[in-house]
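To start, the structure itself, in structure tokens.
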Number of protein chains: 2
Amino acid sequence: MRSAKRATTLEYALLGLLDQEPHSGYGLRRLFAHTPLGYFSDSPGAIYPALRRLVARRWVGAGAPQGGRRRQEYRISARGRAALGAWLRLPVTAADVVSDPDALMLRFAFMGQALPAAVIRGFLREYERRMASQLEDLRRHHGEQSHTWSLTGRLAFEHGLALHETKVAWARNAARTLEKTKEKP
Amino acid sequence: MRSAKRATTLEYALLGLLDQEPHSGYGLRRLFAHTPLGYFSDSPGAIYPALRRLVARRWVGAGAPQGGRRRQEYRISARGRAALGAWLRLPVTAADVVSDPDALMLRFAFMGQALPAAVIRGFLREYERRMASQLEDLRRHHGEQSHTWSLTGRLAFEHGLALHETKVAWARNAARTLEKTKEKP
DNA sequence: GGATACATGTAAGATGTTACATGATTGT
DNA sequence: ACAATCATGTAACATCTTACATGTATCC
């Protein structure tokens, strides 16, 4: 079996959380529910099947459920840590930046524990470059097309432009922050 | 039948585009593919079934396919325009702001042709209020929890904060722009 | 005449949503 | 004893992705 099919973003999100510390399924659901950054739903119909898929891949191990049906602790395995690392090291493609920027941020959030600082800085450089290039495309598109749009259509597009500008600026700042903490550990 | 179940975001996106002018299925796919703001995929397996669902709801009509299998024009119906209007007038809930902000922007983009300016201004006021309140929640969460996170985890969260700030600022600006165009039409 | 873009469709499979079901523990 | 929360699960359903299939018009 060549590198078995990629997992879903939800599965990697669970894996990344389990890389920080063991959790029960319910605990993970609570994290999604009570954490105000909610890209994922806390629905049991999504979480529990995803956890079982991770167990089937041997990326996480499940402690035996003690008692009648009490909480079950999941913890990441060595294979799981390797799979997470491989996902985190994936290149930043132009397609990622347009169609799944949230997944890129999720990956960045998990890098701290898992990757050496040099790789993280490399990710940020690529991220900034790709995002800046996408911003240019958007600006060109705006220049060429905006006169054909309605007022709200134009404003909505400019909303997208503003977000991209914020993202580029964030990447610069984040890189600077990483440099600073490198100097004085 | 009470207000038949809500349609998917993709269906409303297609409906909104058809509200601007008639398109063929392929034309709609091209819009998704060549427009640099890509929340939707251009895959035929998504677009064509969605169009047929819209036809089944009688929200759009399909011109008879001329010739062997040539292009087929879809156009919005009166019922479709009503359904689009109802979707656009939906209140801005706190849940929308956290879990589906893109759909809110999509709605705003389509409002120009479909709603009176007063309703659009009302949407923007609600949007700004909800987004600002969500931003406060995030800031509080950051203040309480950020010391427990990794460096990249904190930076990723601050990315989310920056986006929310940009969104609030955008809403203020957009409201001002709408006021100005009201004064001098 | 062949390549490319145009144009529409289907089938298999995986994932996620919604709603329901079940039982244990804790607090009062 | 009762309610609320903890904790896990399943079943039905709709949607989307990916890959394949098919045929037309146009350009060189």
Side-chain angles (χ1 to χ4, degrees), chain A residues 4-15 17-18 22-34 38-57 59-60 62-74 95-96 98-100 102-103 106, chain B residues 4-15 17-18 22-34 38-57 60-74 95-96 98-100 102-103 106:
Chain A
K5 211 181 44 180
R6 197 125 99 230
T8 62
T9 307
L10 173 61
E11 280 159 23
Y12 285 116
L14 294 169
L15 194 61
L17 291 171
L18 291 174
H23 287 284
S24 67
Y26 191 76
L28 291 163
R29 282 183 62 202
R30 248 185 334 199
L31 282 181
F32 287 146
H34 300 330
Y39 298 126
F40 299 104
S41 105
D42 62 331
S43 81
I47 306 276
Y48 291 112
L51 279 171
R52 261 176 278 131
R53 289 197 296 272
L54 289 174
V55 173
R57 283 173 188 271
W59 287 2
V60 311
Q66 58 259 64
R69 206 211 226 181
R70 272 334 263 153
R71 40 184 291 161
Q72 170 135 1
E73 288 284 339
Y74 293 93
D96 288 334
V98 271
S99 67
D100 208 359
D102 293 350
L106 186 69
Chain B
K5 210 181 45 177
R6 196 126 100 228
T8 63
T9 307
L10 172 61
E11 280 159 23
Y12 285 115
L14 295 169
L15 195 61
L17 291 171
L18 291 175
H23 288 283
S24 66
Y26 191 77
L28 291 163
R29 280 183 63 201
R30 248 185 335 201
L31 282 181
F32 287 145
H34 300 332
Y39 297 125
F40 298 104
S41 106
D42 62 331
S43 81
I47 306 276
Y48 291 113
L51 280 171
R52 260 176 280 131
R53 290 196 296 271
L54 289 174
V55 172
R57 282 173 188 273
V60 310
Q66 58 259 64
R69 206 210 225 180
R70 275 331 265 153
R71 37 184 293 159
Q72 172 136 0
E73 288 283 340
Y74 293 94
D96 287 335
V98 272
S99 67
D100 208 359
D102 293 350
L106 187 69

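In what follows, every chain begins at residue 1, and chains take the letters A, B, ... in the order their sequences are listed. Just so you know, these numbers use all the heavy atoms, side chains as well, and skip hydrogens, waters and symmetry mates. Quick caveat, the model's predicted, so the values are computed rather than measured.
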Arg53(A) CZ to dG13(C) P, straight-line distance once rounded to whole Å: 16 Å
Gap between atoms CD1 and C1', on Ile47(B) and dT17(D) respectively (whole Å): 13 Å
Value in whole Å for how far the P atom of dT8(C) lies from CG of Leu14(B): 13 Å
Sugar-phosphate only, base, or nothing, as touched by Gly25(B) at under 4.0 Å among non-hydrogen atoms: sugar-phosphate
Estimated bend of the helix from dG1(C)-dC28(D) to dT28(C)-dA1(D) (axis per five terminal pairs, rounded to 10 degrees): 20°
Side chain of Ala46(A) (C-beta onward), nearest among dT15(C), dT8(C), dG16(C): dG16(C)
Closest to the Arg30(B) side chain, choosing from dA14(D), dC6(C), dG9(D): dC6(C)
Per Leu10(A) side chain, nearest of listed nucleotides dT8(D), dC16(D), dG16(C): dG16(C)
Length of the CD-P vector between Gln72(A) and dG23(C), whole Å: 18 Å
Leu54(A) versus Glu11(A), closest heavy-atom pair with distance: CD1-O, 3.8 Å
Distance, rounded to the nearest Å, where Arg6(B) contributes CZ and dA14(D) contributes C1': 16 Å
5′-ward residue of the pair Thr8(A)/Pro49(B) relative to DNA chain C: Pro49(B)
Ser41(A) side-chain N/O to dT17(C) phosphate OP1/OP2 under 4.0 Å: yes
Tyr26(A) OH - dT26(C) P separation (whole Å): 14 Å
Closest heavy-atom pair and its distance - Pro49(A), Ala46(A): CD-O, 3.6 Å
Smallest separation among heavy atoms of Arg57(A) and Arg6(A), with atom names: NH2-O, 3.7 Å
Any Arg29(B) side-chain N or O less than 4.0 Å from OP1/OP2 of dA5(C): no
Proximal nucleotide (of dA7(D), dA14(D), dG9(C)) relative to the Arg52(B) side chain: dG9(C)
Nearest-neighbour nucleotide for the Ser43(A) side chain, dT18(C), dG9(C), dT8(D) considered: dT18(C)
Smallest separation among heavy atoms of Leu18(B) and Leu51(B), with atom names: CD1-CD2, 4.4 Å
Leu28(B) side, atom CG; Asp42(B) side, atom CG - distance, nearest 0.5 Å: 11.5 Å
Below 4.0 Å: OP1/OP2 of dG9(D) and any side-chain N or O of Tyr48(A): no
Nucleotide dC16(D), atom P - distance to CG of Asp42(B) in whole Å: 13 Å
Beyond-backbone contact of Trp59(A) with Tyr74(A), side-chain heavy atoms, under 4.5 angstrom: no
Pro44(B) side-chain proximity, nearest of dA7(C), dA19(D), dT17(D): dA19(D)
Test item: Phe40(B) and Thr9(B) side chains (from C-beta on) under 4.5 Å apart, heavy atoms: yes
Rounded interatomic separation in angstrom, taking NE2 from His34(A) and P from dT5(D): 10 Å
Of the listed nucleotides dT8(D), dA7(C), dC16(D), the one nearest the side chain of Arg71(A): dT8(D)
Rounded distance [0.5 Å steps], CD in Glu73(B) versus OG in Ser24(B): 5.5 Å
